[in-house]
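All values below come from the heavy atoms of this structure, side chains included, with hydrogens, waters and symmetry mates left out.
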Amino acid sequence: MSQQLLYGFSSIAITFVLFALIIGCNEAGFRIGRFVQRQTNDEVKTLTGAIQGSILGLLALMLGFTFSMSMQRYDARNQALIHEANAIGTVMLRVQLLPEQFHAEVSSMLDDYVDLRIAASQIDLTQLEKRREFNQRISDLQNAIWAVAVEAAQISPSPVTSGAFITALNDMIDRQGERNAFLQMQVPEVVLLLLFVVFLSSGGILGYSSGLGGKRVMAPTVVVSFLISLIVFIIIDLDRPRRGLIQVDQSSLVMLQK
């Protein structure tokens, strides 16, 4: 897992902590600004305003960059599920190409396979032991279906019938591996931590600039901080397969089950 430090914590909890920290940084910055206000001339205040604008611009850049990364990974997981569902559906259709004595057995195993894939989709990625158990059961079922396909190919060695089924079965197995690989593709944790640092720094510089001006602008700062915290929450939640509030829709697999 790439999210070894943050992934174990709730995205809601992380967002609330960040919001509280940025308000704290803003207050600390304001007090420091008030403390050095008398020793600061207009030139320094102008320079501080320029630095404040640069940090806010950097924050906007980091938010856009990180959001794009998390959204791309979410879309990739979505597409991977659709591709796997299509591959399983193709195998189900091509069961009819096998010799008749294998139809009922393979159809039953495919039904069990869909049930396992849907159940596996509900398992949190932090539940490593349970995930290993399900992956082993899925692998065993894949091997069992493959063994039947090989036996069917020996009885009816035609590329148009059993060969077409084996090709579809191979694609189904590949799609399952592809989908598992996409589960591990997340925004690097160092990028998220850098975003948090810039986020907190922007709160501090806003407070410091207000302190230099001698006027507290608490309400606008709280609103802006809250809105940015919501964006950070979306970024974190999109990047958490099988854990956050925003999850990939499993309806493609559920339709196969029904």
Tell me if a side-chain donor or acceptor on [X] pairs with a main-chain N or O of [Y] at a distance below 3.5 Å.
X    : Y    : answer
N170 : I166 : no
R94  : A164 : yes
S209 : I205 : no
S202 : F199 : yes
D239 : Q186 : no
Q122 : A119 : no
N78  : V248 : no
R137 : E133 : no
E100 : L98  : no

For [X] and [Y], which heavy atoms make the closest approach, and how far apart are they?
X    : Y    : value
V114 : L253 : CG1-O, 3.7 Å
R77  : R240 : NH2-N, 4.3 Å
L81  : D249 : CD2-O, 3.6 Å
V191 : M62  : O-CE, 3.9 Å
M69  : P188 : CE-CD, 3.5 Å
T15  : S229 : CG2-O, 3.3 Å

Name all pairs fulfilling the salt bridge (charged side-chain N to carboxylate O under 4.0 Å, His left out) condition that reach into residues 162-174, sequence neighbours left out, sorted by first residue then second. D171-R175
Find the distance between [atom1] ([X]) and [atom2] ([Y]) and round it off to the nearest 0.5 Å.
X    : Y    : atom1 : atom2 : value
S11  : D237 : OG    : CG    : 4.0 Å
F165 : L93  : CZ    : CG    : 11.0 Å
F182 : E84  : CZ    : CD    : 12.0 Å
D112 : I145 : CG    : CD1   : 8.5 Å
F233 : F19  : CZ    : CZ    : 14.5 Å
I88  : R117 : CD1   : CZ    : 7.0 Å

So if you build clusters from Ile, Leu, Val, Met, Phe, Trp, Tyr with side-chain heavy-atom gaps below 4.5 Å, do [X] and [Y] land together?
X    : Y    : result
L227 : I55  : no
M109 : I118 : yes
L56  : I51  : no
L21  : I32  : no
L58  : L192 : yes

Please determine whether side-chain contact (heavy atoms from CB on, under 4.5 Å) holds for the pair S201 and V197, giving the CA-CA distance in whole Å, both sets of side-chain angles, and the decisive distance to 0.1 Å. CA-CA 6 Å; S201 299; V197 170; 4.1 Å; yes
Looking at M218, I'd like to know if its CE atom is crowded, meaning that more than 12 non-hydrogen atoms belonging to other residues, nucleotides or ligands lie closer than 6.0 Å.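 Yes, the 6.0 Å shell around CE holds more than 12 heavy atoms from other groups.
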Give the intermediate values and the outcome of side-chain hydrogen bond (donor to acceptor under 3.5 Å, both in side chains) for residues R179 and S121. CA-CA 10 Å; R179 189 175 165 207; S121 299; 2.8 Å; yes
Are [X] and [Y] close enough that some pair of their side-chain heavy atoms sits under 4.5 Å apart?
X    : Y    : value
L245 : I12  : yes
T90  : M172 : no
M92  : D111 : yes
F67  : L238 : yes
V106 : L110 : yes
I246 : Y74  : yes
T221 : S225 : yes
F30  : L206 : no

Judged by modelled atom types alone, do Y113 and Q142 share a side-chain donor-acceptor pair under 3.5 Å? yes
Any side-chain donor near an acceptor of the partner, Q79 and D75, under 3.5 Å: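 On atom types as modelled, these side chains do not qualify, holding no pair under 3.5 Å.
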Check side-chain hydrogen bond (donor to acceptor under 3.5 Å, both in side chains) between D115 and all other residues, then give those that pass, not counting sequence neighbours.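 Residues passing side-chain hydrogen bond (donor to acceptor under 3.5 Å, both in side chains) with D115: Q257.
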For side-chain contact (heavy atoms from CB on, under 4.5 Å), just list the numbers for L63 and I235, CA-CA rounded to whole Å, side-chain angles, deciding distance to a tenth of an Å, and then say yes or no. CA-CA 8 Å; L63 284 172; I235 290 172; 4.2 Å; yes
